There are 2 protein chains.
Amino acid sequence: MDRRDANDLESEVGLGCDDEKVEKMERNGSSSFSERSAGGLREPLLLSRSRMNNTSQIAMVGANVCPIESLDYDGHFDCYLDQMHYASESMLSSPRKYYGAFAAYAGSNMVLAIAAAALCAYIAPAAAGSGIPEVKAYLNGVDAYSMLAPRTLFVKIFGSIFGVAAGFVVGKEGPMVHTGSCIANLLGQGGSRKYHLTWKWLRYFKNDRDRRDLITCGAAAGVAAAFRAPVGGVLFALEEAASWWRSALLWRTFFTTAVVAVVLRSLIEVCRSGKCGLFGQGGLIMFDVNSAVPKYSTPDLLAIMLLGIIGGIFGSLYNYLVDKVLRTYSIINERGPGFKILLVMTISFLTSCCSYGLPWLARCTPCPIGLEEECPTIGRSGNYKNFQCPPGQYNDLASLLLNTNDDVIRNLFSSGNEEECHLSTLFIFFVAIYCLGIITYGIAIPSGLFIPVILAGASYGRLIGTLIVSISELDVGLFALLGAASFLGGTMRMTVSLCVILLELTNDLLMLPLVMLVLLISKTVADCFNNGVYDQIVKMKGLPYLEAHAEPYMRHLVARDVVSGPLISFSGVEKVGTILHALKITNHNGFPVIDEPPFSDAPELCGLVLRSHLLVLLKGKKFTKRRVLSGSEILSKFHASDFAKPGSGKGLKLEDLDVKEEEWELYVDLHPITNTSPYTVVETMSLAKAAVLFRELGLRHMCVVPKTPAKPPIVGILTRHDFMPEHILGLYPHINPHK
Amino acid sequence: MDRRDANDLESEVGLGCDDEKVEKMERNGSSSFSERSAGGLREPLLLSRSRMNNTSQIAMVGANVCPIESLDYDGHFDCYLDQMHYASESMLSSPRKYYGAFAAYAGSNMVLAIAAAALCAYIAPAAAGSGIPEVKAYLNGVDAYSMLAPRTLFVKIFGSIFGVAAGFVVGKEGPMVHTGSCIANLLGQGGSRKYHLTWKWLRYFKNDRDRRDLITCGAAAGVAAAFRAPVGGVLFALEEAASWWRSALLWRTFFTTAVVAVVLRSLIEVCRSGKCGLFGQGGLIMFDVNSAVPKYSTPDLLAIMLLGIIGGIFGSLYNYLVDKVLRTYSIINERGPGFKILLVMTISFLTSCCSYGLPWLARCTPCPIGLEEECPTIGRSGNYKNFQCPPGQYNDLASLLLNTNDDVIRNLFSSGNEEECHLSTLFIFFVAIYCLGIITYGIAIPSGLFIPVILAGASYGRLIGTLIVSISELDVGLFALLGAASFLGGTMRMTVSLCVILLELTNDLLMLPLVMLVLLISKTVADCFNNGVYDQIVKMKGLPYLEAHAEPYMRHLVARDVVSGPLISFSGVEKVGTILHALKITNHNGFPVIDEPPFSDAPELCGLVLRSHLLVLLKGKKFTKRRVLSGSEILSKFHASDFAKPGSGKGLKLEDLDVKEEEWELYVDLHPITNTSPYTVVETMSLAKAAVLFRELGLRHMCVVPKTPAKPPIVGILTRHDFMPEHILGLYPHINPHK
């Protein structure tokens, strides 16, 4: 069964099944287990699982994520920018050193790009890209170890710092979400026995659901730290990342982001002195736009609607092109790490050429009079870059291209300075950023999509605003904000969370109705063409993501129709050799257990047993010579925590067993580890309804039972892969997938 | 079966089962139906249901809710207040007319109170109270007709206007949520055939789920209009109201509130001239508090934490007392409408006494110098009430008690006027509002809880702020806001939505970390004592609300243990008389259909048939003399839309049938209307897991099948009532409900 490979799912604890394991244990070995629990010799781990996550560990996610993300990134970022600006500015100020300046600029970019690419290519390939699709897939139940592994975390942090510093048109927001999730995953691993780092509370995460909740909190913390938007973080986690919502989850993410907000607030307070580089800038509100109360007339509204429509079209075009580029790049990237680095170098060179070459197209503009800022800016990030202009003048395109992303966005959003950027400058900048953003995503560096989209959207909005400034009373800064909203809506397809994030970024509540309107329009328009960018990437990566709704063609099929592969089932008391053989020849993670005479009157489905539990059981070597029930003996040998879900990538493997050949003929009683209440569907159940059941309950295995009494009493097992459109349409190629 | 009575559920279309009906129709009469559909004679309604809600009708909810709510309320409110103030002011200005003034004041209050109470008592008792618990229960699947009936809507609107105008300590927010939901329900009814008001799009709501979505949108629109907080509305609907979240729902509520925001914005624009009374005041931000950037030190933070803790305790105490008072009142209210009105009159008199009598306890304060407002205020709502003070002075307690709620809140939230209210005034006001709020909720008028809680919380916060003004640099207005947040968190137990609503009310993003902190603390503290106020009311009203999680004791039971009552099942082709008898003697809404020889080899479960569908089938009178399959004939007689869920309270009833006695011996084929894919569980399935399945999929009926082949092939049917703790603990009184 090849399709159950790397991405396959390890365990059976479904969402919303708070008590699945507990009750499994209890119902099976009810006598022995309850006695032991009453005896109070050892505290049964799983029985105490119904306690809530107490908040301490979630607070830790917040507290942990926050300083790492905010400080490190901006700190390094700043250091590098200083260096870069020194190089370019000092060289550019003296004429005829064009080539030298370019070499220094492109060279330093290249070095950083290679560093980022090497990290990605050799240490953790999973760290490339935004990371949000991976987190989304994990929270949907796709449990691939490398996605959130510690080395991915390491590469994500440093790769992102190098990537942003290398001048690529990439953001740090997506990587921060991934970083947050990785840290949460690390915290939820249950510590390390090897290094004696085990805490009592860590055992709460020995199951899928609590671990998933923790990672949702981590993702929320990431957004909260990236945008300094605590409420936006909660909403992002719920709208885009999480596949299942619960009130408790809302409350936990809220707690996490509140901690992030408080920690951020204190760090900003500490950094007021200016020792932390660019970190403290902007305070909690990154782009504080204090526009006057906007008054708008009907023509304004029409213009804004048009802005939304075009934004939606550009957004979906962006998605389309990103998809195409990604597919092209994946061919190159598959050839090996060397090709990955080569690709990164090419894009880095192209980016350097653009940001260095394009400003030559713009004219020099005299500095405005009566300015508080210094103009032209020297030696640090600023809004009036000299760039080969005579003293007292500045190059507006250079100010956009050779600046920190934050400063550019702040510049574009700012109001009352219509004259600062020429129309042609905005146009060139828009085209450059739009194209660079598309070709940059997909190379082997951690790269966020938010910043490129916001940059392109803001320049597009400001462009439109500048165009119609004569007929509209609205501010160009407002247009830039709405343009960014329209692009975000057109690519990401989020609504409430984008709205709140933009609100928290700009602190302008009066724009809310307009932002909502633009988001609505652009999302609606873009939805006509394709899916959101993260959904596209999830699909392109081949992650088995389960959609919330059943596909229409599933109505024409029944559950039996998609059951595939030879079914391997065990008896209630099974030969060790049979089990070992089955574990060896298949990759299945769940096996049905069938009770046969003499243990029952007729063959009947006893339940489902998991590969991981089988391995633990075999490792324990409680075998018997004859086919007898030995449940209580077995239970006395094991502690409930032995069967808890191990940390990712840490569980027992088949190779870890050392069962001797003479033991193969012995028997082992599977009843104590069998889940006797698996969710089942009748074989004639409509596939659409089965899919809804599978998805809503977050199952990993679903048993299909025959409609009329039959032997064997199980038809097959459905897993996530059996519900994938590719699988179903492969089996039934003549079905119309849209009907 | 008495427990399946008024609140019982009518139909079987579960949440997330987009295709249930469709597929049922298709799978059963697959031949005939598909042919007909291909023939294109009539467009089968249900087959086209997989189309999305297009947004037009949702926009209509927004557009409809908004003007009704915002304009009517505030308009009437204003008219009355003018009148009231004329009466009291003019009389109070001439001394020795105390009794006359009080008589006029209390009398006009009394008249309005009686009007509100009479509406509630005689026309729509369901309109009393907040309405949010009812909406919450409806969205959980409790489908009681009167809750959202048109007459409830009528009474809710006018009763609320009268109630607020009568000077009760009640809010209009809860009633607005209910109003929004009622309007949505009315729109989702499918129009009225009687008055030829049927539109094509209305048929999209002929099923539970879309209707539920529409009502969620209505609730969101209510909050959005009440607080002028569109994003807060979305979050409220999702956090507090809805039981099932989906991305699509988020998007639809967002659309609705965006329309509300745009309509509100235009109405405010229209009302700028001042023709709409108090409506336009405050603009989109009701309480615009422009405090300086708050800087806080550690002692400030400690003070704020203490504020949160005490607020949480007061909040849970509020819930406790409201619960006690409600139970007492319900005894009085049950005696009849007369008693209801009497109770309202008592409370009205008490309220009048308080608001008229208490200001005598306060001293007169000289008007501050250099004020823009007139002082003392004459003839309209204002912040400096004269109330028997010498000219040039005002009574601060009267300014709080004899003012509109909005103005009082604005006053309490406002910063920089520490001197305006004395400490004793705030204390008296806090105690009065806290007590009046508690004794007012539960009387037979529409009464919201938000405003009393915000008022009490704001005065409490300002009191604390005034107390520690010497040691803290924070503003008293900020303390008032945080106090309101702590009370709201302590009573309602919402987090993100309260946070965003407060944000949208005050437009002060920099306070966000503090508000989050206070909400967290107060909710955590209050959760130690009892449940949120709406949960308490749902429970007290006996609505069968399904919790999202399974109760711990359910782990010790299996599905079979709670199956109760005699099971009534039908054959695939059944006698008309048997069906009629079964429909008459039970209130069941779902019956299992069992195929017996000769239609199958052995008795097997064919599926589930609904009462409403049986009634439609019997009404059609397609009976046969012998036991034969006549599915295709029957299908040709009916249109798919005949089986669509009718508007609430409109479906066929048993009395509408006119089956003659000689027809009782004829047969009818049930296969065409049988849902052949009902969700089933094995009888030995853990009850906890069965409950999770029932709740997550939003089912109304769940079939329990035997583990080993048996006759009959079904053990029983579980409905919502079987999962209620009262039912289970009634069956097993010795179970420990907390273990």
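Computed from a prediction, not measured in an experiment: that's the story for all the values here. Throughout, protein chains are lettered first and strands after them, A, B, ... in sequence-line order, and every chain is numbered starting at 1.
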For chain A, which of B:Leu238, B:Val262, B:Val231, B:Val496 has the most heavy-atom pairs under 4.5 Å? B:Val496
Against chain A, work out which of B:Lys523, B:Glu240, B:Met494, B:Arg493 has the most heavy-atom pairs shorter than 4.5 Å and name it. B:Lys523
What distance separates B:Leu693 CG from B:Ser686 OG, expressed to the nearest 0.5 Å? 11.0 Å
Distance in Å, A:Ser243 OG paired with A:Lys136 NZ, rounded so as to fall on 0.5 Å steps: 7.5 Å
Who pairs with A:Asp595 by side chain to side chain donor-acceptor pair (under 3.5 Å), at least two apart in sequence or on another chain?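 Checked A:Asp595 against side chain to side chain donor-acceptor pair (under 3.5 Å); matches are A:His671.
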Sorted by chain and residue number, the side chain to side chain donor-acceptor pair (under 3.5 Å) partners of A:Glu239 (sequence neighbours excluded) come out as A:Thr495, A:Ser497
Is the cationic atom of A:Arg695 (NZ for Lys, CZ for Arg) positioned less than 6.0 Å from the six-membered ring centroid of A:Trp244 and within 45 degrees of its normal?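 Judged by the rule, A:Arg695 and A:Trp244 form a cation-pi pair.
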Using heavy-atom distances under 4.5 Å, tell me whether B:Val681 contacts chain A through its side chain, its backbone, both, or neither.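 Neither the backbone nor the side chain of B:Val681 comes within 4.5 Å of chain A.
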Which bit of B:Leu605 is near chain A, if near means a heavy-atom gap under 4.5 Å: side chain, backbone, both or neither?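 Only the backbone of B:Leu605 comes within 4.5 Å of chain A.
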Pick one of side chain, backbone, both or neither for A:Val500, based on which atoms fall under 4.5 Å of a heavy atom in chain B. side chain
Please flag which part of A:Leu512 lies under 4.5 Å from any non-hydrogen atom of chain B: side chain, backbone, both or neither.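 Only the side chain of A:Leu512 comes within 4.5 Å of chain B.
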Run the salt-bridge test on A:Glu504 and A:Arg228 with the 4.0 Å N-O cut-off and return the result as yes or no. no
For each of A:Thr680, A:Leu250, A:Leu235, tally heavy-atom pairs with chain B at distances under 4.5 Å, and name the one with the top tally. A:Leu250
